[in-house]
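In what follows, a structure is listed as C-alpha cells, so that the remarks can point back to it.
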Amino acid sequence: NNLVNEYALSIAKFGVGDIIKDSVSAIKIDKITASLTFDVPNVVYTGYELKKDLTPRKDESIRSIFGNNVELIMMKL
C-alpha cells in the first residue's frame with residue numbers, strides 16, 4: 001500500500017547510505033521500505049551486513065532491521 005510506504009518513509013530516522021546497528025549487527029542502508037505489524041506501519045531498513053570494522057562481510061549477506069530502535073553509527077556525508 002502506497003500510504004503505508006509513505007508514512008513509514010516519513011517516520012524513518014535514517015537514510016540510504018547511513019550505517020546503523022541493532023543488538024545483532026550493523027548494516028549500511030541500501031533500501032528503506034515499510035511493514036505492517038498488527039496493522040501499524042513500521043519502517044524497515046535493508047542493507048549489507050557489516051563486520052565490526054564496518055566493512056562488508058565476505059559472504060555479502062543482506063539483512064533487515066525493523067523500526068527506529070537502532071543506533072546510528074555513521075551518517076552518509
Side-chain angles (χ1 to χ4, degrees):
N1 185 333
N2 269 349
L3 191 57
V4 171
N5 281 332
E6 286 179 33
Y7 176 74
L9 292 176
S10 75
I11 63 169
K13 293 182 180 178
F14 311 106
V16 171
D18 290 349
I19 296 175
I20 60 173
K21 78 172 192 172
D22 63 3
S23 61
V24 178
S25 66
I27 64 168
K28 182 174 184 179
I29 301 171
D30 185 48
K31 181 171 61 170
I32 302 170
T33 57
S35 164
L36 280 177
T37 306
F38 301 110
D39 293 328
V40 176
N42 201 359
V43 65
V44 181
Y45 302 101
T46 304
Y48 288 102
E49 191 170 7
L50 305 176
K51 299 185 291 188
K52 288 187 181 195
D53 66 359
L54 302 182
T55 59
R57 290 171 41 134
K58 283 186 181 181
D59 64 3
E60 297 182 345
S61 64
I62 295 174
R63 71 177 290 257
S64 295
I65 295 177
F66 293 79
N68 282 317
N69 191 19
V70 297
E71 178 182 348
L72 176 67
I73 301 295
M74 185 181 310
M75 186 175 282
K76 179 182 176 186
L77 298 177

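Reckoned from all heavy atoms, side chains included, excluding hydrogens, waters and symmetry mates.
Atom-to-atom distance recorded for Phe14:CZ and Glu71:CD is 9.0 Å, nearest 0.5 angstrom.
Within 6.0 Å of OH on Tyr7 lie no more than 12 heavy atoms contributed by other residues, nucleotides or ligands. More than 12 non-hydrogen atoms from other residues, nucleotides or ligands lie less than 6.0 angstrom from CG of Asp53. In the displayed structure, Lys51 atom NZ is contacted under 6.0 Å by more than 12 heavy atoms of other residues, nucleotides or ligands.
Taking both residues in full, the closest heavy atoms of Gly67 and Asn42 are given as CA-OD1, 3.2 Å, listed atom of the first, atom of the second, then distance. Contact record, Gly15 with Ile32: CA-CD1, 3.9 Å, taken as the closest heavy-atom pair. Ser25 and Ile65 get closest at one heavy-atom pair: O-CD1, 4.1 Å. Shortest non-hydrogen contact noted between Leu54 and Ile73 is CD1-CG2, 3.6 Å. A pairwise comparison of heavy atoms in Ile27 and Gly47 identifies CD1-N, 3.8 Å as the closest pair. The two atoms that bring Pro41 and Leu36 nearest to each other are N-CD2, 3.7 Å, heavy atoms only.
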Can you list the steps and then say if Asp18 with Tyr45 is a side-chain contact (heavy atoms from CB on, under 4.5 Å)? CA-CA 10 Å; Asp18 290 349; Tyr45 302 101; over 6 Å; no
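Under a hydrophobic-cluster definition in which Ile, Leu, Val, Met, Phe, Trp and Tyr are linked whenever side-chain heavy atoms come within less than 4.5 Å, directly or via other members, Val16 and Val70 are assigned to the same cluster. No single ILVMFWY cluster, assembled from side-chain heavy atoms under 4.5 Å apart, contains both Val44 and Ile62. When hydrophobic clusters are built by joining Ile, Leu, Val, Met, Phe, Trp and Tyr residues whose side-chain heavy atoms come closer than 4.5 Å, directly or via intermediates, Phe66 is not grouped with Ile11. Tracing side-chain contacts under 4.5 Å through hydrophobic residues (I, L, V, M, F, W, Y), one reaches Val43 starting from Met75; they form part of the same cluster.
Looking only at side-chain heavy atoms (C-beta outward), Asp30 and Thr46 stay at 4.5 Å or farther from each other. In this structure the side chain of Ile20 never reaches within 4.5 angstrom of the side chain of Lys13, judged on heavy atoms. Contact annotation: the side chain of Arg63 approaches that of Asp22 to within less than 4.5 Å [non-hydrogen atoms, C-beta and beyond].
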